[in-house]
Asker: 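The structure that follows is given in the form of structure tokens.
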Amino acid sequence: LGIESSAKLAHAAQCESGVPTLRGRFSRELALQLEACGQPADVVHVHHALASTADLSGFVAGLCTLLKPEGVAIVEVPYVRDMVERVEFNTIYHDHLCYFSLLSLAALFGRHGLMVTDVERRPAGGGSLRVFVARAGVVSDAVGRLLAEERQLGLDRPDYYRTFGEKVDKLRVELRALLARLKSQGCRIVAYGASAKESGMLNVCGLGSDVIDFVVDRSAGKQGRYTPGAHLAVHSPDKLYEARPDYALLLDPTSADEVLMRHQRYRESGGHFIIPTPQLQVA
């Protein structure tokens with residue numbers, strides 16, 4: 001059974017993939033309805049949904065209600081430690097209300113009688129945590145090690161997060177200085193990517209048409225439109241080969257390996273990618 005708030009995605013799951021899907025937001029009330037209909041769950045997957053949930057307490061209470069006594073919830077969320085250490089400020093946008101550490105997840109689930117029994121660090125979204133949650137069970141060594149690391153680093157104290165703002169300010173100054181130097185040398189610069197993350201990079205760094213000629217993005221739905229705030233035209237990546245700019249600023253550095261591999265021909269023809277984070281570099 002799928003539960004999906006987006007009408008478009010719910011329709012695709014139901015009609016194209018054949019997965020019975022309820023349209024709506026998961027909550028304790030919905031969990032009670034499913035329980036009353038005789039639909040408790042052995043396994044509940046919650047992949048990158050908790051971060052955009054306003055009522056965290058109600059959501060987790062719903063998990064507790066829906067799970068069978070021996071059931072397990074598998075929850076994946078953006079990892080705040082990766083965001084801070086890699087200076088991934090562009091992963092902060094309106095749809096994400098929370099960023100989690102294992103310490104915060106353990107406390108959240110613990111308030112509802114659930115426990116984190118295992119944890120994995122995942123690369124998705126620039127760095128994620130996948131936790132396995134149950135009413136009872138043997139806690140893996142991985143949970144203890146990561147909790148100890150987080151306490152040692154200070155993820156449960158404000159000072160850890162204050163340094164994040166300082167890192168963002170430093171990166172913004174360095175990136176703008178590099179782009180200004182390249183423009184003064186007569187270089188043509190474009191940007192790669194037009195998602196929410198990538199628009200965040202443009203606007204936080206104050207980059208517009210005085211620095212960036214245009215943006216390319218693989219999504220046909222974005223091509224022919226303009227980026228919010230910076231108001232830069234979005235084209236197909238084919239434009240890289242037609243216009244042959246000197247540099248392409250990669251606005252989502254978490255996808256660097258994939259983009260560099262896909263556009264090896266652009267690099268072989270003399271083009272370069274600017275990768276802003278975690279350290280500013282040209283590839």
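Position 1 is the first residue of the sequence, and the numbers go up from there. The shown structure was predicted, so the numbers you read here are calculated from the model rather than taken from an experiment.
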Asker: By ring-ring contact (aromatic ring centres under 6.0 Å, His included), which residues pair with Tyr161, not counting sequence neighbours?
Answerer: none

Asker: Can you label the angle between the Tyr192 ring and the Phe273 ring as parallel, tilted or perpendicular, going by 30° and 60°?
Answerer: perpendicular

Asker: Rounded to the nearest 0.5 Å, what's the gap from NE2 on His231 to CG on Leu202? Could you check?
Answerer: 13.0 Å

Asker: Taking ring-ring contact (aromatic ring centres under 6.0 Å, His included) as the definition, give me every residue that meets it alongside Phe89, ordered by chain and number, with sequence neighbours left out.
Answerer: none

Asker: Would you tabulate the side-chain donor-acceptor contacts of residues 162-173 under 3.5 Å, counting partners in other chains and residues two or more places apart, or write 'none'?
Answerer:
{"unit_1": "Arg162", "atom_1": "NH1", "unit_2": "Asp159", "atom_2": "OD1", "d": "2.4"}
{"unit_1": "Thr163", "atom_1": "OG1", "unit_2": "Tyr160", "atom_2": "O", "d": "2.8"}
{"unit_1": "Asp169", "atom_1": "OD1", "unit_2": "Arg172", "atom_2": "NH2", "d": "2.5"}
{"unit_1": "Lys170", "atom_1": "NZ", "unit_2": "Glu174", "atom_2": "OE2", "d": "2.6"}

Asker: Sub-3.5 Å donor-acceptor pair from the side chain of Asp246 to the main-chain atoms of Arg188, do we have one?
Answerer: yes

Asker: Sequence neighbours excluded, which residues qualify as side chain to side chain donor-acceptor pair (under 3.5 Å) partners of Ser27?
Answerer: Glu29

Asker: Is Ser236 reaching over with its side chain to a backbone N or O of Asp238, donor-acceptor style, under 3.5 angstrom?
Answerer: yes

Asker: Would you compute the distance between atom CG of Leu56 and atom CG of Leu97 and round it to the nearest 0.5 angstrom?
Answerer: 8.0 Å

Asker: According to side chain to side chain donor-acceptor pair (under 3.5 Å), who are the partners of Glu35, at least two apart in sequence or on a separate chain?
Answerer: none

Asker: Going by an N to O cut-off under 4.0 Å, is there a salt bridge joining Arg122 and Asp82?
Answerer: no

Asker: Checking Gln14 side chain against Thr21 main chain: does a donor-acceptor pair fall under 3.5 Å?
Answerer: yes

Asker: Go through the structure and list residues passing ring-ring contact (aromatic ring centres under 6.0 Å, His included) with Phe59, not counting sequence neighbours.
Answerer: Phe26

Asker: Under 6.0 Å from the CG atom of Asp95, do we count more than 12 heavy atoms belonging to anything else shown?
Answerer: yes

Asker: Measure from NZ or CZ of Arg265 to the centre of the six-membered ring of Tyr241 and say whether it is under 6.0 Å with the direction within 45° of the ring axis.
Answerer: yes

